[in-house]
Protein chains: 2
Amino acid sequence: MTNTTAPDKSLSATKVSNVDLQLCFALYSASLSMTKTYKPLLSKLKLTYPQYLVLLVLWEKDGMTVNSISERLFSDSGTLTPLLKRLEKLGMIQRQRAREDERKVIITLTEAGRLLQTESTNVHSQIACSTGCTITELQALNNQLIMLRTNLIKNLNTV
Amino acid sequence: MTNTTAPDKSLSATKVSNVDLQLCFALYSASLSMTKTYKPLLSKLKLTYPQYLVLLVLWEKDGMTVNSISERLFSDSGTLTPLLKRLEKLGMIQRQRAREDERKVIITLTEAGRLLQTESTNVHSQIACSTGCTITELQALNNQLIMLRTNLIKNLNTV
DNA sequence: AAATAATATATTGTACACAATTTAATTGTG
DNA sequence: CACAATTAAATTGTGTACAATATATTATTT
């Protein structure tokens, strides 16, 4: 792609009224760009970005059920089940039914899964570097995105 | 911001140093939430969000090649080719090889494809409403996301 | 206790996202 | 002109994203 200094008009930037439309595309393309940035870093750990997100959750709190991971990541079982099976096949986690309620599946980190956390520490800093933003800018953007997400989810069924 | 149910700690919000990590997840989940918001509105038009993005591009400039659409949307042929074939099957576009260079495929809107633009006008306003943000806020967020995307893409091969 | 409802996960099917490879057409070079 | 290099799409294969449905387990109700 080389030339990144091309004029960024985004979609329909000429019409000022279409800020909503512009924002949606900016959000979409920025998210994809972020995934592309993560890809080479994570592929060294044999992980995809969504798999990495699951591990982040487990590093914070091990032994969660599929459902609680799902709520944390705004994901669903149709996505998580096969993803978790791949993580299990990779030897990063273990899947086992809860004894007190056999509908629930408990996800536990393996030794290898726990060790990955240390290996992944320098991933963060490289990402932060690639954003070209200051901590303050990242923090501001983070807050706005959380607000946006909260509003969108709140209004999901009201449209 | 009334009832947002669960407290939003995002991922690892406890560690202030992980702003980068938080931002990545906020971006990811906000983008997915946006797609979910679009879904019911677009399904009335029988479209998916990526298909809608292609139509937005064509409404702005008809008769583009696959490659130019690809650059505009930060997408690639592996994604676009099947997507465009579906849009063709839906009767929204036509795909034809360029006469002067038969490697290129020209994408042209059909009458039905052009007419959809009018039908989609109220989609924007409903999205803007769901964001719960003011025009100024949307504009600011848009600018920051474009900056972020530009930086990420610029640094893609430098990591 | 049997029937019913609710819950948690799994399965199926469609549609991206993207790397890697392939195919076909065009351009460049000797 | 012949032939390698380049370019534009298409193809293949893996991994989500998500709606809809199925299955199994637990809780409730009659």
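Just so we're on the same page: letters track the sequence lines, and every chain starts at 1.
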Requested in this report: Kindly give the heavy-atom pair with the smallest separation between A/Ile69 and A/Met64, and that separation in Å.
Outcome: CG1-CB, 3.9 Å
Query raised in the report: Think A/Arg86 has a side-chain N or O under 4.0 angstrom from the OP1 or OP2 of D/dG15?
Result: yes
Requested in this report: Hey, can you tell me if B/Tyr52 and B/Tyr38 have their rings parallel, tilted or perpendicular (30° and 60° cut-offs)?
Outcome: tilted
Query raised in the report: Between A/Gln96, A/Arg95, A/Gln94, which is the residue that forms a side chain to side chain contact (heavy atoms under 4.5 Å, CB included) with A/Ile107?
Result: A/Arg95
Query raised in the report: How long is the gap from OG1 on B/Thr79 to CG on B/Leu83, to the nearest 0.5 Å?
Result: 8.0 Å
Can you tabulate the close N/O pairs, meaning under 3.5 Å, that link protein atoms to atoms of nucleotides 4-12 of chain D?
| residue | atom | partner | partner atom | Å |
| --- | --- | --- | --- | --- |
| D/dT7 | O2 | B/Arg103 | NH1 | 2.9 |
| D/dA8 | O3' | B/Arg103 | O | 3.4 |
| D/dA9 | OP1 | B/Val66 | N | 3.4 |
| D/dA9 | OP1 | B/Val105 | N | 3.2 |
| D/dA9 | OP2 | B/Asn67 | N | 3.0 |
| D/dA10 | OP1 | B/Arg95 | NH1 | 3.1 |
| D/dA10 | OP2 | B/Thr81 | OG1 | 2.7 |
| D/dA10 | N7 | B/Ser77 | OG | 3.0 |
| D/dT11 | OP2 | B/Lys85 | NZ | 2.7 |

Query raised in the report: Looking at B/Gln51, does any N or O in its side chain come under 4.0 Å of the phosphate oxygens OP1/OP2 on C/dA15?
Result: no
Requested in this report: Starting from P on D/dA19, measure out to CG on B/Leu42 and report it in whole angstrom.
Outcome: 13 Å
**Report entry** d(OH, B/Tyr38; C1', C/dC16) in whole Å
**Finding:** 17 Å
Query raised in the report: What is the distance from CE of A/Met34 to P of C/dA17, rounded to the nearest Å?
Result: 17 Å
Report task. Only pairs at least two apart or in different chains count here, so list each ring-ring contact (aromatic ring centres under 6.0 Å, His included) that has a residue in residues 120-156 of chain B. Result -> none
Query raised in the report: How many Å lie between CD1 on A/Ile107 and P on C/dA8, as a whole number?
Result: 15 Å
Query raised in the report: D/dT25 C1' sits how many Å from A/Arg99 CZ, rounded?
Result: 17 Å
Report summary line: The answer to which of B/Glu102 and B/Thr48 contacts DNA chain C further toward the 5' end, by nearest nucleotide, is B/Thr48
Report summary line: Scanning all shown strands, the Watson-Crick or wobble mate of C/dG30 with both distances under 3.5 Å is D/dC1
**Report entry** Nearest-Å distance for atom pair CG/P, residues B/Leu47 and C/dT14
**Finding:** 18 Å
**Report entry** Interatomic distance where CE belongs to B/Met92 and P belongs to C/dA15 [whole Å]
**Finding:** 14 Å
Query - Whole angstrom value for the distance that separates P of D/dT14 from NZ of A/Lys46 - result: 15 Å
**Report entry** Side-chain ion pair, B/Lys85 and B/Glu88, N-O less than 4.0 Å
**Finding:** no
Query raised in the report: In Å and rounded to the nearest 0.5 Å, what is the OG1 to CG distance from B/Thr37 to B/Leu32?
Result: 10.5 Å
